[in-house]
Amino acid sequence: MGKFQEDAKKLLEDVGGKENIAAVSHCATRMRFVLNDPNKADTAAIEKIPSVKGTFTNAGQFQVIIGNEVPQFYNEFSTISGLEGVSKEQGKAAAKQNLNPVQRAISVLAEIFTPLIPALVIGGLILGFRNVLEGIPFGFLEGQKIVEVSQFWSGVNSFLWLIGEAIFQFLPVGITWSITKKMGTTQILGIVLGITLVSPQLLNAYSVASTAAADIPFWDFGFAQVNMIGYQAQVIPAMLAGFLLAYLEVFFRKVIPQAVSMIFVPLFALVPTVIAAHVILGPIGWTIGSWISDIVNAGLTSSLNWLFGAVFGFMYAPLVITGLHHMTNAIDLQLIADFQSTNLWPMIALSNIAQGSAVLAVVFMHRGNKEEEQVSIPAMISCYLGVTEPAMFGINLKYVYPFVAGMIGSACAGLFSTLFDVKAISIGVGGLPGILSIVPQYYVPFFGAMLIAVIIPFILTYIFRTKGIFNKLDPVDEATGNLFAEEK
């Protein structure tokens, strides 16, 4: 008998049986169901299954949080249910029938950036480590930096930039590849398109501002000249070019005979897209991206930046619930491209910490509830390491008051962070390890913001519980009023 056989059987029964499942797939931590009738799913019963850490509905899918062992759970569920051959992409496609246009647009954005997150995270860690090596003067080194006193670490620092440059400066390659993957078109064409946006033949995007207009290289077609400018780290130009390539390929596959499609479809899709990318889409996308980053940066550097930080900190956790938080990836990357840092991402890391601290308070108040601790303790650890879904959907939203306490704590931490103009050099690991991505000169204020994100949610969670504020389904013994009683 498999480890999850009984739980998988129970889940199949509680979602309404095989006949109620239109599609099923899994991601890194969750089972994803598209249900014919969502009302047939018994959420309360599902959340009592030992392997289940919580449930929620998002993007038209009923999602069941399992954790890191979800691949093994999924395999046993597939064996028991007889449902095979449904990919995550097919599941998402089936779920889109339940989405409105805005939700569909956000879903597409999420599907583009989600495959890139592992690279962005490791890139953030690398840049954070390089910050320590080359950016911090240490007292025990007489005010010198590590790279100044050690040839070994200087070499390591230089070597790590090979990876960091590949991830961030050549980001358009990943974006155009991801778009072709999401659209079901030829992925190698997406890679080639991305390379044409960051080719060494082009003037590096970071050098454009310091290069005189007369010195910018160009292609001369006789009747017209086109500047040879690269789009290193640019997000929107790559997205516009990627979608044009995908739609052209889809179109030409319909009109070109299959016998010659291998030759002419790539030709007629790729070449016009590259031309359009450098003549039209690139300049337009660059301008749009600059506008967005300028507006966000203006808000975060204005005299009312404290208000911006507080509102963003308060609202980020609800954005995660709706899926709208995926928009911040594009904004962060654009801020990094334009200003070499982002003051938005530190608040995201702080929101993760705040939600984790609310769970910590629940763990403390509900100690002795062994069943809940199987969910709450791993969820808290996961949250402190940057993955918030198990904490939010498994604990905080279940009781409501910890979620609200986390939002308030995140708002306070975001306000503090923006007052001190804390910046990150890259997107990195959220939660407590987020400090590694912070620009070294802001380590101290960010640490202060982290303390706020730990202390305030913990205290507010306790107060809300004892005062009966925002309470929902709290495991308290009605006969004795024992706060620490196990849930009945």
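Only a predicted model underlies this, so the values are computations on that prediction, with no experimental measurement involved.
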Residues Arg30, Val70; criterion side-chain contact (heavy atoms from CB on, under 4.5 Å); working and verdict: CA-CA 6 Å; Arg30 305 184 295 277; Val70 71; 5.8 Å; no

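- For Asn305, the side chain to side chain donor-acceptor pair (under 3.5 Å) criterion is met by no residue, not counting sequence neighbours.
- A 4.5 Å side-chain heavy-atom check between Ile21 and Leu35 finds at least one atom pair inside the cut-off.
- The CH2 atom of Trp345 sits 7.0 Å away from atom OG of Ser426, with the distance rounded to the nearest 0.5 Å.
- The shortest non-hydrogen separation linking Leu202 to Gly230 is CB-N, 3.6 Å.
- In this structure, Asn36 and Glu19 approach most closely via the heavy-atom pair ND2-O, 2.9 Å.
- When all heavy atoms of Leu350 and Gly414 are compared, the pair lying nearest together is CD1-N, 4.4 Å.
- With hydrogens and angles ignored, the 3.5 Å screen pairs no side-chain donor or acceptor of Ser417 with any backbone N or O of Ala413.
- Distance alone, capped at 3.5 Å, is enough to place a donor-acceptor pair between the Asn75 side chain and the Pro71 backbone.
- Closest heavy-atom contact between Ala310 and Ala411: O-CB, 3.3 Å.
- Aromatic ring pairs are classed by plane angle as parallel below 30°, tilted from 30° to 60° and perpendicular above 60°; the pair Phe77 and Phe33 is perpendicular.
- A 4.5 Å side-chain heavy-atom check between Ser341 and Ile425 finds every atom pair outside the cut-off.
- With 3.5 Å as the limit, one finds a donor-acceptor pair spanning the side chains of Asn396 and Gln355.
- Between Leu436 and Phe129 there is no side-chain heavy-atom pair separated by less than 4.5 Å.
- Interatomic distance, Ile80 CD1 to Leu11 CG, rounded to the nearest 0.5 Å: 9.5 Å.
- A heavy-atom distance below 4.5 Å is not found between the side chains of Asn20 and Phe62.
- A salt bridge does not link Lys9 to Glu76: none of the charged nitrogens lies less than 4.0 Å from a carboxylate oxygen.
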Output side-chain donor-acceptor pairs under 3.5 Å for residues 165-177, partner residues at least two apart or in another chain, one line each.
| unit_1 | atom_1 | unit_2 | atom_2 | d |
| --- | --- | --- | --- | --- |
| Gln169 | OE1 | Asn204 | ND2 | 3.3 |
| Thr176 | OG1 | Pro172 | O | 2.9 |
| Thr176 | OG1 | Val173 | O | 3.1 |
| Thr176 | OG1 | Gly190 | O | 2.7 |
| Thr176 | OG1 | Gly194 | N | 3.4 |
| Trp177 | NE1 | Gln187 | OE1 | 2.9 |

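- Residues Phe308 and Thr418 have side chains not in contact (no heavy-atom distance under 4.5 Å, counting atoms from C-beta outward).
- Lys423 is listed as a side-chain neighbour of Asp421, based on a closest heavy-atom distance under 4.5 Å.
- Residues passing the side chain to side chain donor-acceptor pair (under 3.5 Å) test with Asp7 are Ser51, sequence neighbours excluded.
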Without placing hydrogens or testing angles, list every side-chain donor-acceptor pair under 3.5 Å for residues 207-214, not counting sequence neighbours.
| unit_1 | atom_1 | unit_2 | atom_2 | d |
| --- | --- | --- | --- | --- |
| Ser210 | OG | Ser207 | O | 3.2 |
| Thr211 | OG1 | Ser207 | O | 2.5 |

Worked check of side-chain contact (heavy atoms from CB on, under 4.5 Å) between Thr185 and Leu189: CA-CA 8 Å; Thr185 54; Leu189 294 183; over 6 Å; no

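- Every residue meeting the ring-ring contact (aromatic ring centres under 6.0 Å, His included) condition with Phe4, not counting sequence neighbours, appears here in chain and number order: Phe73.
- Asn352 pairs by the side chain to side chain donor-acceptor pair (under 3.5 Å) definition with nothing, not counting sequence neighbours.
- A pairwise comparison of heavy atoms in Ser351 and Tyr316 identifies OG-CD2, 3.5 Å as the closest pair.
- With Asn227 contributing its side chain and Ile229 its backbone, the two residues share no donor-acceptor pair below 3.5 Å.
- Under the 4.5 Å side-chain criterion, counting only non-hydrogen atoms from C-beta, Ile126 is not in contact with Trp161.
- Between the OG1 atom in Thr342 and the CG atom in Asn297 there is a gap of 8.5 Å [rounded to 0.5 Å].
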Going by atom type alone, with no hydrogens or angles, which donor-acceptor pairs under 3.5 Å involve a side-chain atom of residues 240-256 and a protein atom two or more places apart or on another chain?
| unit_1 | atom_1 | unit_2 | atom_2 | d |
| --- | --- | --- | --- | --- |
| Glu249 | OE1 | Thr186 | N | 3.2 |
| Glu249 | OE2 | Thr186 | N | 3.1 |
| Glu249 | OE2 | Thr186 | OG1 | 2.6 |
| Glu249 | OE2 | Arg253 | NE | 3.1 |
| Glu249 | OE2 | Arg253 | NH2 | 3.1 |
| Arg253 | NH2 | Thr186 | OG1 | 3.3 |

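- Under the side chain to side chain donor-acceptor pair (under 3.5 Å) criterion, Thr55 pairs with Glu47, sequence neighbours left out.
- With a 4.5 Å cut-off on side-chain heavy atoms, Leu385 and Pro433 count as touching.
- Rounding to the nearest 0.5 angstrom, the gap separating the CE atom in Met347 from the CG atom in Leu344 is 5.0 Å.
- Ring centroids of Phe268 and Phe264 are separated by less than 6.0 Å, placing the two rings close together.
- In plain terms, the two heavy atoms of Ala337 and Gln234 that are nearest each other are CB-NE2, 3.9 Å.
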Derivation and outcome, side-chain contact (heavy atoms from CB on, under 4.5 Å), residues Lys40 and Val15: CA-CA 6 Å; Lys40 289 185 178 180; Val15 296; over 6 Å; no

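- Sorted by first then second residue, the salt bridge (Lys or Arg N to Asp or Glu O under 4.0 Å) pairs that include residues 116-130, not counting sequence neighbours, are Arg130-Glu134.
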Report all side-chain donor-acceptor pairs from residues 274-292 shorter than 3.5 Å, counting only partners two or more places apart or in another chain.
| unit_1 | atom_1 | unit_2 | atom_2 | d |
| --- | --- | --- | --- | --- |
| His278 | NE2 | Thr196 | O | 3.0 |
| Thr287 | OG1 | Pro283 | O | 2.9 |
| Ser290 | OG | Trp286 | O | 2.9 |

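- Panel note: side chain Ser78, backbone Tyr74; a donor-acceptor pair is recorded below 3.5 Å.
- Applying the salt bridge (Lys or Arg N to Asp or Glu O under 4.0 Å) test to pairs two or more places apart or on separate chains, none has a residue in residues 424-440.
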Working for side-chain contact (heavy atoms from CB on, under 4.5 Å), residues Arg32 and Val24: CA-CA 6 Å; Arg32 296 169 175 259; Val24 60; over 6 Å; no

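- Distance check, rounded to the nearest 0.5 Å: CZ of Phe218 to CD of Gln225 gives 4.0 Å.
- Take Asp338 and apply the salt bridge (charged side-chain N to carboxylate O under 4.0 Å, His left out) test, not counting sequence neighbours, and it matches no residue.
- Remark: Ile236 CD1 to Ser293 OG distance equals 8.5 Å, nearest 0.5 Å.
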